[in-house]
Amino acid sequence: MNRNTGFINLARLTLFQISLGIIYFILTDTLNRVMTIELSIAAWIVGSLIGIREIMALIGIKIWAGNLSDKTHFLGYKRTPFILGGLLASAISFYFIAPTAFEVQSNYMLGILKLLIAFTIFGIGYNASLTAYYALIADIAGEKNIPKVAAMSWTLMVLGGIVTSVLMSSYLKEFSEERFVSALQTASLISIAIGFVTIIGVEDRTDESIKNISNETLTFLASLKLINASPLTKKFAFYIFISIFAAFGTELILEPFGADVLGLSVSETTKFRQYLGLPQLLFMILTGFIINRFGIKKAVLVGNAVATVGYTLLISAGVFQLQKLLIPSLILVGVGLGFCTVGNIVMMMMMNAGRSGLYVGLWGTAQSLAMFLSGTGVGAIRDIMLHFFANPMMGYTIIFLLVIGAFTISTSMLPSISKENFEAESKVKLEEVLATAAD
């Protein structure tokens with residue numbers, strides 16, 4: 001880490017994640033629940049709207065933003081313009097999502113169209129901001145500090161989600177359209193304020209450590225050719241895809257699961273984030289500080305195993321209507337995610353071959369594909385099974401088993417992942433792409 005980059009700036013860098021965490025967790029938890037249950041919008045439509053964020057990544061927003069932030073400067077800054085510009089776009093569009101959702105009740109098609117536009121703008125901004133943010137961490141933290149910064153960053157994001165869920169649960173005990181819209185719009189303004197206060201000034205315009213890419217610049221198309229030419233790059237992208245699907249596969253259906261299977265209220269299911277998030281938070285912190293000694297792969301293996309046990313218990317809780325198993329199940333899933341999330345995020349940041357924006361954008365795209373399928377696909381499974389079977393637990397059992405299967409595949413792939421082999425292959429393929437471009 002560069003001597004001009006101090007502890008305070010690294011601390012501020014980790015705090016930025018709270019701004020994205022506030023709106024992200026409201027989006028995937030409370031807003032998702034209200035649109036699905038209270039507004040009776042089909043889960044596959046809700047999942048698709050939320051999944052637009054991932055579609056934006058799949059059409060290249062993350063790779064584009066990452067690659068562009070590698071080679072361009074605005075007023076001397078590489079990452080900051082993308083981070084703050086993206087935050088503004090996502091938070092402002094989020095401000096209008098809640099009132100627009102209620103318009104669906106009076107004018108369905110117009111309401112859905114407005115939601116489509118709002119979620120599209122949200123997705124572009126969110127992806128650009130998060131990609132540049134991760135690239136900035138990779139730029140200035142240094143390999144020894146990346147695990148700690150990544151762990152604290154995600155920990156604060158989860159903490160922001162927990163605090164937000166507590167406040168939302170309390171505020172929405174008396175549920176109404178006005179209270180719901182007010183809560184979400186206030187959250188969007190708080191997100192903007194936190195983001196600007198924490199990130200402005202972190203990136204130094206004169207810091208040579210952020211100029212660690214090679215002298216050759218890649219066009220967007222050349223970047224795609226580099227990715228396509230590397231088998232190990234594609235293999236790791238698939239590993240990230242399956243690992244993220246395992247980690248986030250049930251994110252959009254846990255609260256509907258509580259409502260459909262266990263008959264819980266909005267206030268009660270909103271607390272799921274606390275039961276899952278607090279242990280996740282604690283074990284993310286622990287993992288970030290022991291992972292250099294414990295080992296990145298060991299952390300992921302332990303996390304996968306514990307989360308699998310948690311999901312097995314969650315199936316039992318639903319099948320046998322054992323509410324007493326619900327909280328232990330969510331706690332175990334949280335513990336498992338605490339281990340494997342940090343391990344996988346650290347690997348994503350370290351596998352950059354000197355081009356953090358490009359590769360973080362690629363890994364983020366694989367992550368987005370997984371999250372899109374976990375939203376739209378999982379929501380579709382829930383809707384289809386509810387249509388054909390009287391017992392709602394049938395669909396949720398299939399979903400939980402899919403997640404367990406994804407954890408198993410991730411675990412089987414992990415031993416063959418090698419940072420050294422990836423970087424060696426990337427160097428060779430980069431030379432080939434540049435030589436082709438020169439012809």
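When reading the values below, keep in mind they use all heavy atoms of this one structure, side chains included, and skip hydrogens, waters and symmetry mates.
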Taking only distance into account, with no hydrogens and no angle test, what donor-acceptor pairs under 3.5 Å do side-chain atoms of residues 338-347 form with protein atoms, sequence neighbours excluded?
from	atom 1	to	atom 2	distance (Å)
Thr341	OG1	Leu337	O	2.6
Asn344	OD1	Tyr239	OH	2.7
Asn344	ND2	Cys340	O	3.1

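Gln321 contributes a side-chain N or O that, together with a main-chain N or O of Val261, makes up a donor-acceptor pair within less than 3.5 Å. Put simply, the side chain of Ser410 never gets that close to the backbone of Ala406: no donor and acceptor are under 3.5 Å apart. The backbone N or O of Thr198 lies less than 3.5 Å from a partner atom in the side chain of Arg12, making a donor-acceptor pair. The backbone N or O of Ala187 sits nowhere less than 3.5 Å from a side-chain atom of Ser191 that would complete a donor-acceptor pair. Judged by distance alone, the side chain of Lys78 and the main-chain N or O of Glu203 form no donor-acceptor pair under 3.5 Å. Formation of a donor-acceptor pair under 3.5 Å by the Asn127 side chain with backbone atoms of Arg53 is found in this model. One N or O on the side chain of Tyr133 and one on the backbone of Leu13 form a donor-acceptor pair closer than 3.5 Å. Put simply, the side chain of Ser169 never gets that close to the backbone of Val166: no donor and acceptor are under 3.5 Å apart. The backbone N or O of Leu87 sits less than 3.5 Å from a side-chain atom of Ser90, completing a donor-acceptor pair. Checking side-chain atoms of Thr120 against main-chain N and O of Leu116 turns up a donor-acceptor pair under 3.5 Å.
Leu314 has its side chain out of reach of Thr250: every pair of non-hydrogen atoms, C-beta onward, lies at least 4.5 Å apart. Residues Ile83 and Tyr77 form no side-chain contact, since every pair of their non-hydrogen atoms from C-beta on lies 4.5 Å or further apart. Between Glu255 and Thr36 the shortest side-chain heavy-atom distance does not fall below 4.5 Å. The shortest distance between side-chain heavy atoms of Phe272 and Leu326 falls below 4.5 Å. Using a 4.5 Å heavy-atom threshold, the side chains of Met157 and Ile18 count as separate. Using a 4.5 Å heavy-atom threshold, the side chains of Phe294 and Val302 count as touching.
The ring of Phe236 has its center no closer than 6.0 angstrom to the ring center of Phe422.
Ser426 pairs by the side chain to side chain donor-acceptor pair (under 3.5 Å) definition with Tyr359, not counting sequence neighbours.
Within 6.0 Å of NZ in Lys298 there are 12 or fewer heavy atoms belonging to other residues, nucleotides or ligands.
A parallel orientation is assigned to the rings of Tyr126 and Phe122, their planes being inclined by less than 30° (bins at 30° and 60°). Ring geometry for Phe400 against Tyr311 counts as tilted: the plane angle lies between 30° and 60°, on a 0 to 90° scale.
The two residues Met385 and Ile398 make their nearest non-hydrogen contact at CE-CD1, 3.7 Å.
Here Leu402 contributes atom CG and Thr397 contributes atom OG1; the two are 11.0 Å apart, rounded to the nearest 0.5 Å.
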